[in-house]
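None of these values were measured; they are calculated from a predicted model.
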Amino acid sequence: MDKPPLLPVVLLLLLLALPATTCGGEPEEFQIPRDGRVLELDDGNFEAAVRAVDLLFVDFYAPWCGHCKRLAPQLDEAAPVLAGLSTPIIVAKVNADKYKKLGSKYGVDGFPTLMLFDHGTPTEYTGSRKADLLVENLKKLVAPDVSILESDSAIKSFVEAAGMAFPLFLGFGVDESLVVEYGAKYKNRAWLSVAKGFSEDMMVFYDFDKVPALVSVNPKYHEQSIFYGPFDDGAFLEDFIRNSLLPLIVPINRETVKMLNDDGRKVVLTILEDDESDENSLRLIKVLRSAASANRDLVFGYVGANQWEEFTETFDVSKSSELPKMIVWDKKEEYEIVEGSERLEEGDYGSQISRFLEGYRAGRTIKKKVGGRSPTLLGVNAMYILILLVAVLVVMMYFSGQGEEDQRPRQRAHED
């Protein structure tokens with residue numbers, strides 16, 4: 001029997017050994033691993049990765065960038081959690097200092113730049129970079145503007161998945177068309193849903209007795225409120241949603257002070273010696289919460305001078321100041337003190353707070369500039385730092401000039 005020709009067999013083996021390609025000669029789509037690690041992409045596989053995954057979160061970094069180095073372990077921690085979501089988000093990184101054209105294409109002008117590619121459409125991410133908050137923020141970004149819940153079990157699953165980071169709004173018997181606008185507007189700050197199917201058990205659990213009802217739940221601060229309408233007046237509805245984004249009384253710190261920027265109300269700020277460490281402070285905070293509930297046109301907050309000295313110093317508070325002290329702050333350059341109510345005495349806090357609010361609304365106030373003892377909200381230490389930096393700069397310029405004078409003769413001697 002004749003042996004088969006050798007050449008066709010060799011050609012067949014070679015063809016089988018070649019990498020698989022599509023009909024157009026292009027390589028197969030990039031395969032995204034699902035093991036939860038951060039992927040390293042480059043200009044050769046980036047576009048394929050964007051096509052291959054619905055939700056891709058990308059860190060455009062530079063190896064020499066200190067902020068990038070601090071971000072890396074946070075992304076390593078968040079990546080497996082994000083990959084394990086019911087709607088997975090894959091985390092990747094690109095050395096945009098090396099692949100400059102790729103960074104330029106997506107408008108990268110600083111490091112790190114974080115972007116979420118949602119079905120190929122990039123959106124820059126500017127939220128928290130801490131792993132746990134990063135996860136919560138991204139979960140919120142990829143969720144629907146308004147979630148439709150058809151049963152009690154769907155409501156429970158929605159609340160559980162939402163977590164503790166953002167307030168929730170549950171519309172029981174509310175027409176979806178009335179809230180969809182606010183779902184988009186406040187997407188980055190709250191979860192919004194409409195429950196179309198629910199039992200009396202849900203009415204009892206969320207403590208409402210008629211529909212339509214919009215229930216606001218702030219799980220982080222254990223607060224709940226209910227809006228029964230009117231729903232056809234968008235101004236009332238939006239006021240309720242906007243005012244419910246913050247807790248009744250805000251503990252002021254470096255994180256929560258950022259939340260105030262998006263709220264148009266002034267802040268009734270109570271400055272304590274310690275924010276929550278003694279019985280009197282806790283009692284005062286409880287009374288302030290009641291006052292906040294009755295005065296929703298104002299934001300109520302409190303801060304401990306010992307916890308954030310640089311901040312409280314800008315309101316003319318020092319270690320020798322008599323506290324607690326109440327002011328009304330416009331969140332910009334001014335604050336007001338109420339004549340005769342500069343300080344809260346231990347005792348009947350309720351009456352004193354009522355007098356303070358009456359005096360404020362009657363205009364019996366004295367306006368002052370924020371940072372009267374310093375140029376910025378960083379506090380008096382900022383002035384010392386600025387003076388030190390100027391002094392160092394002057395010294396460096398002096399010695400730099402001396403060095404240039406010393407070098408010129410040597411340079412000329414070398415040239416001679």
Side-chain angles (χ1 to χ4, degrees), residues 164-165 167-168 206-207 215-226 240 243-260 263 265-331 335-362 364-366 368 370 377 379:
M164 303 282 288
L168 295 82
Y206 287 106
D207 197 25
V215 179
S216 165
V217 180
N218 197 325
K220 186 174 182 179
Y221 297 98
H222 308 289
E223 292 181 358
Q224 178 175 311
S225 54
I226 303 171
F240 174 77
N243 292 345
S244 300
L245 295 174
L246 293 173
L248 275 175
I249 179 164
V250 183
I252 303 296
N253 53 49
R254 287 171 177 81
E255 288 295 326
T256 59
V257 75
K258 301 172 187 176
M259 298 163 54
L260 302 176
D263 194 295
R265 296 172 291 173
K266 291 186 177 181
V267 180
V268 176
L269 180 63
T270 302
I271 303 174
L272 312 167
E273 185 173 346
D274 290 293
D275 53 7
E276 295 179 359
S277 62
D278 63 80
E279 188 175 331
N280 281 332
S281 293
L282 293 173
R283 187 160 55 88
L284 174 55
I285 291 169
K286 185 177 181 180
V287 178
L288 286 169
R289 183 172 285 109
S290 298
S293 181
N295 296 270
R296 298 304 295 262
D297 60 322
L298 298 165
V299 176
F300 282 69
Y302 65 93
V303 61
N306 291 339
Q307 281 71 36
W308 198 0
E309 183 179 348
E310 293 84 1
F311 177 76
T312 57
E313 278 180 343
T314 63
F315 301 105
D316 200 22
V317 171
S318 66
K319 292 182 179 178
S320 60
S321 298
E322 294 185 345
L323 301 174
K325 172 181 178 178
M326 290 187 74
I327 63 171
V328 179
W329 176 35
D330 69 356
K331 298 177 295 184
Y335 68 96
E336 299 173 65
I337 60 173
V338 176
E339 294 178 327
S341 298
E342 292 87 352
R343 180 178 180 270
L344 295 175
E345 301 286 346
E346 186 176 343
D348 186 0
Y349 288 134
S351 297
Q352 294 178 75
I353 292 170
S354 294
R355 284 196 297 272
F356 175 90
L357 293 171
E358 288 170 6
Y360 167 69
R361 297 191 185 282
R364 297 193 297 271
T365 63
I366 300 172
K368 293 192 173 186
V370 170
L377 281 181

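A donor-acceptor contact shorter than 3.5 Å links the side chain of Q352 to the backbone of E345. Checked by atom type and distance alone, the side chain of R265 pairs as donor or acceptor with a backbone atom of R296 at under 3.5 Å. Distance alone, capped at 3.5 Å, is enough to place a donor-acceptor pair between the E342 side chain and the G340 backbone. Within the 3.5 Å criterion, the main-chain N or O of D274 finds a donor-acceptor partner in the side chain of S281. K325 places a side-chain N or O within 3.5 Å of a backbone atom of F315 that can act as its donor or acceptor partner.
Contact record, N218 with P247: ND2-N, 3.9 Å, taken as the closest heavy-atom pair. For the residue pair T365 and G359, the shortest heavy atom distance occurs at CG2-O, 4.3 Å. When every heavy atom of G301 is checked against every heavy atom of V267, the shortest pair comes out as N-CG1, 4.4 Å. Nearest heavy atoms, L323 versus R343: O-NH2, 3.4 Å. Contact detail for A291 and L357: the closest heavy-atom pair is CB-CD1, 4.5 Å. Contact detail for P167 and S244: the closest heavy-atom pair is CB-O, 4.1 Å.
Side-chain atoms of N295 and F300, non-hydrogen and from C-beta on, do get closer than 4.5 Å to each other. Side-chain contact between L269 and Y335: absent, with no pair of heavy atoms (C-beta onward) separated by less than 4.5 Å. For the pair L288/M326, a side-chain contact is recorded, criterion being any heavy-atom separation below 4.5 Å from C-beta on. Residues F356 and V268 have side chains in contact (heavy-atom distance under 4.5 Å, counting atoms from C-beta outward). Looking at E313 and F311, their side chains never come closer than 4.5 Å, going by heavy atoms from C-beta outward. Looking only at side-chain heavy atoms (C-beta outward), I327 and I337 come within less than 4.5 Å of each other. Put simply, the side chain of R283 reaches to within 4.5 Å of the side chain of E346, judged on heavy atoms. Proximity of N280 to L272: side-chain heavy atoms (C-beta onward) are nowhere separated by under 4.5 Å.
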Q: For T270 and Y349, run side-chain contact (heavy atoms from CB on, under 4.5 Å): C-alpha distance rounded to whole Å, both residues' side-chain angles, the deciding distance at 0.1 Å, then the answer.
A: CA-CA 12 Å; T270 302; Y349 288 134; over 6 Å; no
Q | M259/V250 under side-chain contact (heavy atoms from CB on, under 4.5 Å): CA gap, chis, key distance, verdict | A | CA-CA 10 Å; M259 298 163 54; V250 183; 5.5 Å; no
Q.
Between Y302 and I252, is the side-chain contact (heavy atoms from CB on, under 4.5 Å) condition met? List the steps.
A. CA-CA 6 Å; Y302 65 93; I252 303 296; over 6 Å; no
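For F240, the ring-ring contact (aromatic ring centres under 6.0 Å, His included) test picks out F227, with sequence neighbours left out. For Y206, the ring-ring contact (aromatic ring centres under 6.0 Å, His included) criterion is met by F172, not counting sequence neighbours. Partners of K266 by salt bridge (Lys or Arg N to Asp or Glu O under 4.0 Å), not counting sequence neighbours, listed by chain and number: E336.
Rounded to the nearest 0.5 Å, atoms CD1 (I353) and OG (S341) are 10.5 Å apart. One distance of note links CD1 of I249 with OG of S290; it measures 9.5 Å at 0.5 Å rounding. Taking CG of N243 as the start and OG of S216 as the end, the distance is 10.0 Å to the nearest 0.5 Å.
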